[in-house]
Amino acid sequence: MSSINIALDGPAAAGKSTIAKQVASRLTMIYVDTGAMYRAITYKYLQNGKPSNFDELIQSTELELTYDKEKGQRIILDGKDVTDYLRENDVTNHVSYVASKEPVRSFAVQIQKDLAAKKGIVMDGRDIGTVVLPNAELKVYMIASVEERAERRQKENELRGIESNLEQLKQEIEDRDNYDMNREISPLKKADDAITLDTTGKSIEVVTNEILSMVDHLK
């Protein structure tokens with residue numbers, strides 16, 4: 001399906017990245033993890049002592065997405081592979097704030113648009129269908145209950161050896177939803193022509209097949 005682009009949007013831990021990878025693989029398309037891009041810039045922000053000047057931070061930033069046959073997408077920040085550091089709690093707790101800054105947003109969105117120009121892209125995020133790929137052939141807005149999203153995030157943290165508390169994760173997810181939906185620049189919202197897909201209680205396989213069915217209806 002190299003002739004279309006697919007945009008998956010939704011709140012934190014709705015399953016966007018996991019499903020996007022599966023859909024891209026099944027359709028032989030390229031997956032672009034936009035969240036990882038913002039996490040990489042957040043990682044740099046933290047490593048640099050939380051500077052207040054985001055213009056300067058971005059001007060000194062080089063960001064590249066590469067693909068490893070075994071490890072999948074890798075994020076190269078200023079010449080260094082930082083992929084394995086991007087799910088740390090400190091990055092997670094600051095990424096919404098950093099991603100809301102205009103210099104950061106403009107920088108990342110331009111890279112994302114360039115990647116999608118040739119089509120054949122599955123991209124997930126919070127403003128893909130509304131800002132980055134407004135002309136995507138398929139737009140899906142994924143949602144899930146706060147409880148389930150918190151449980152998913154806790155399982156992810158356990159696999160990465162990151163300590164977390166379920167109740168705290170619920171609160172963090174609710175706070176992030178509120179921040180993402182109400183920020184001035186590219187807020188989280190459903191595109192007018194997006195299809196809502198509730199993933200609560202559904203397996204990865206079921207959700208993947210539902211999206212593949214939507215693709216089939218495009219033909």
Side-chain angles (χ1 to χ4, degrees), residues 4-25 27 29-45 54 57-58 61-68 71-78 81-88 91-92 94-143 149 153 156 173 176-177 179-181 183 185-191 194 197 199 211:
I4 69 170
N5 284 328
I6 300 174
L8 302 183
D9 287 303
K16 302 184 300 297
S17 297
T18 300
I19 298 303
K21 291 175 187 176
Q22 292 291 320
V23 170
S25 177
L27 295 174
M29 296 173 70
I30 296 173
Y31 165 60
V32 177
D33 183 355
T34 65
M37 297 171 66
Y38 291 111
R39 284 175 174 273
I41 299 171
T42 302
Y43 175 78
K44 179 172 182 175
Y45 165 78
F54 282 90
L57 183 74
I58 291 303
T61 298
E62 292 183 5
L63 194 62
E64 181 184 2
L65 277 65
T66 63
Y67 296 88
D68 184 285
K71 297 181 178 181
Q73 180 179 278
R74 309 299 291 177
I75 306 296
I76 310 302
L77 174 69
D78 299 333
D81 186 338
V82 298
T83 312
D84 296 336
Y85 305 106
L86 303 185
R87 294 290 170 179
E88 294 176 350
V91 173
T92 296
H94 286 84
V95 65
S96 284
Y97 169 73
V98 173
S100 71
K101 299 303 178 181
E102 195 280 330
V104 175
R105 210 81 202 172
S106 295
F107 174 76
V109 167
Q110 188 56 57
I111 294 175
Q112 293 157 17
K113 286 185 175 182
D114 289 344
L115 289 170
K118 295 182 179 180
K119 300 284 190 176
I121 295 292
V122 179
M123 194 176 290
D124 73 297
R126 285 165 178 73
D127 63 346
I128 308 305
T130 55
V131 176
V132 183
L133 301 178
N135 297 316
E137 284 74 11
L138 175 62
K139 301 176 186 177
V140 181
Y141 189 77
M142 296 174 60
I143 60 173
R149 288 189 283 146
R153 183 55 54 81
E156 290 176 0
I173 285 174
R176 185 168 181 187
D177 286 351
Y179 188 93
D180 287 346
M181 290 177 179
R183 67 191 184 199
I185 301 174
S186 299
L188 166 64
K189 66 178 181 179
K190 176 186 173 184
L197 177 56
T199 67
I211 294 178

If I compare all heavy atoms of [X] with all of [Y], which pair ends up nearest, and what's the gap?
| X | Y | answer |
| --- | --- | --- |
| Pro11 | Leu188 | CA-CD2, 3.8 Å |
| Met29 | Gly120 | CB-O, 3.4 Å |
| Val23 | Val122 | CG1-CG2, 4.3 Å |
| Ile121 | Ala116 | CG1-CA, 3.7 Å |
| Tyr38 | Val109 | OH-CG2, 3.9 Å |
| Leu63 | Ala40 | CD1-CB, 3.8 Å |

Can you tell if the side chain of [X] reaches within under 4.5 Å of the side chain of [Y], non-hydrogen atoms only?
| X | Y | result |
| --- | --- | --- |
| Leu65 | Arg74 | no |
| Ser17 | Tyr31 | yes |
| Lys113 | Val132 | yes |
| Lys44 | Leu77 | yes |
| Ile75 | Thr66 | no |
| Val131 | Arg105 | no |
| Ile185 | Ser100 | no |
| Ile211 | Leu138 | yes |

Please identify which of these residues, Ile30, Asn5, Val32, meets the side-chain contact (heavy atoms from CB on, under 4.5 Å) condition with Leu115. Val32
Approximate separation, where rounding is to 0.5 Å, of [X] [atom1] and [Y] [atom2]:
| X | Y | atom1 | atom2 | result |
| --- | --- | --- | --- | --- |
| Leu8 | Thr18 | CG | OG1 | 11.0 Å |
| Lys139 | Lys190 | NZ | NZ | 11.5 Å |
| Phe107 | Leu57 | CZ | CG | 9.5 Å |
| Asp9 | Ile128 | CG | CD1 | 5.5 Å |
| Thr199 | Lys16 | OG1 | NZ | 9.5 Å |

Set out, in order, the CA-CA distance, both residues' side-chain angles and the distance that settles side chain to side chain contact (heavy atoms under 4.5 Å, CB included) for Val104 and Ile58, then state yes or no. CA-CA 7 Å; Val104 175; Ile58 291 303; 4.0 Å; yes
Test side chain to side chain contact (heavy atoms under 4.5 Å, CB included) applied to Leu197 and Ile19, step by step: CA-CA 12 Å; Leu197 177 56; Ile19 298 303; over 6 Å; no
May I ask you to decide if Glu62's main-chain N or O and Asp78's side chain share a donor-acceptor pair within less than 3.5 Å? yes
Please assess Arg149 against Asp177 for the test salt bridge (charged side-chain N to carboxylate O under 4.0 Å, His left out), listing each intermediate value before the final yes or no. CA-CA 11 Å; Arg149 288 189 283 146; Asp177 286 351; 2.6 Å; yes
Looking only at side-chain N and O atoms, does [Y] offer a donor or acceptor that is under 3.5 Å from a partner on [X]?
| X | Y | result |
| --- | --- | --- |
| Thr130 | Lys189 | no |
| Ser96 | Arg176 | yes |
| Arg39 | Thr92 | yes |

Give a yes or no on whether Tyr179 atom OH has more than 12 heavy-atom contacts from other residues, nucleotides or ligands under 6.0 Å away.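 Yes, because the 6.0 Å sphere around OH of Tyr179 holds more than 12 heavy atoms from other groups.
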Take Ser106 and Glu102, measure what side-chain hydrogen bond (donor to acceptor under 3.5 Å, both in side chains) needs, and give me the verdict at the end. CA-CA 6 Å; Ser106 295; Glu102 195 280 330; 2.4 Å; yes
Once you measure the plane-to-plane angle for Tyr45 and Tyr97, does it fall in the parallel (<30°), tilted (30-60°) or perpendicular (>60°) bin?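 Judged by the thresholds at 30° and 60°, the geometry between Tyr45 and Tyr97 is tilted.
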